[in-house]
Amino acid sequence: MTNKTLKVISPVYNEEAVISLFYESLKEVLMQIDNDYDWKILFVIDPSTDTTQEVLRSIASKDKRVQLITLSRRFGHQMSLVA
């Protein structure tokens, strides 16, 4: 039997202070449904003025279920969800 797929999409902008904690907390919740769902986390990065992108690149290099999209310029969180 094939598991269902779940993708969590999160727009981010200047989140360096909390993004690691958010990822760890979200992953902990998703691990509870790991037997029933093939899940992924997609971070849509609005170009930040801090190190959010570097933090997420580090996380993604260690967790194949984390994917990143970096927008070419600042669009806002609503358009990040559309992307």
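The structure displayed is predicted, hence computed values, not measured ones.
Side-chain contact between Leu42 and Ser10 is absent, with no heavy atoms from C-beta onward closer than 4.5 Å. Here the side chains of Val44 and Val12 are not in contact, with every heavy-atom distance at 4.5 Å or above. Looking at Thr49 and Asn14, their side chains come closer than 4.5 Å, going by heavy atoms from C-beta outward. In this structure the side chain of Leu6 never reaches within 4.5 angstrom of the side chain of Asp38, judged on heavy atoms. Phe22 has its side chain within reach of Leu26: a pair of non-hydrogen atoms, C-beta onward, lies under 4.5 Å apart. Under the 4.5 Å side-chain criterion, counting only non-hydrogen atoms from C-beta, Thr70 is in contact with Gln53. Annotation: side chain of Val66 is in contact with side chain of Tyr23 (closest heavy-atom distance under 4.5 Å). Within the 4.5 Å cutoff, side-chain heavy atoms of Lys27 are placed close to those of Asp63.
Two different hydrophobic clusters hold Val18 and Ile59 under the rule that ILVMFWY side chains link at heavy-atom gaps under 4.5 Å. By the rule that hydrophobic residues join a cluster once side-chain heavy atoms approach within less than 4.5 Å of another member, Phe43 and Met31 end up as members of one cluster.
Distance check: Tyr13 OH to Ile19 CD1 gives 14.5 Å after rounding to the nearest 0.5 Å. Summarising the geometry, atom CD belonging to Glu54 is positioned 8.5 Å from atom CD1 belonging to Ile45; distances are rounded to the nearest 0.5 Å. Atom CD of Glu15 is separated from atom CG of Leu21 by 11.5 Å, given to the nearest 0.5 angstrom.
Atom CD of Glu28 has 12 or fewer neighbouring heavy atoms from other residues, nucleotides or ligands inside a 6.0 Å radius.
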Let me see the working for Lys64 and Lys40 under side-chain contact (heavy atoms from CB on, under 4.5 Å), right down to the final yes or no. CA-CA 8 Å; Lys64 64 182 171 116; Lys40 295 195 183 307; over 6 Å; no
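Heavy atoms only, all atoms of each residue included: Val55 and Ser20 are closest at CG1-OG, 3.4 Å.
Under the side chain to side chain contact (heavy atoms under 4.5 Å, CB included) test applied with Arg65, the options Ile41, Leu30, Asp34 reduce to a single match, Asp34.
Neither side chain, Thr52 nor Glu16, offers a donor N or O lying under 3.5 Å from an acceptor on the other.
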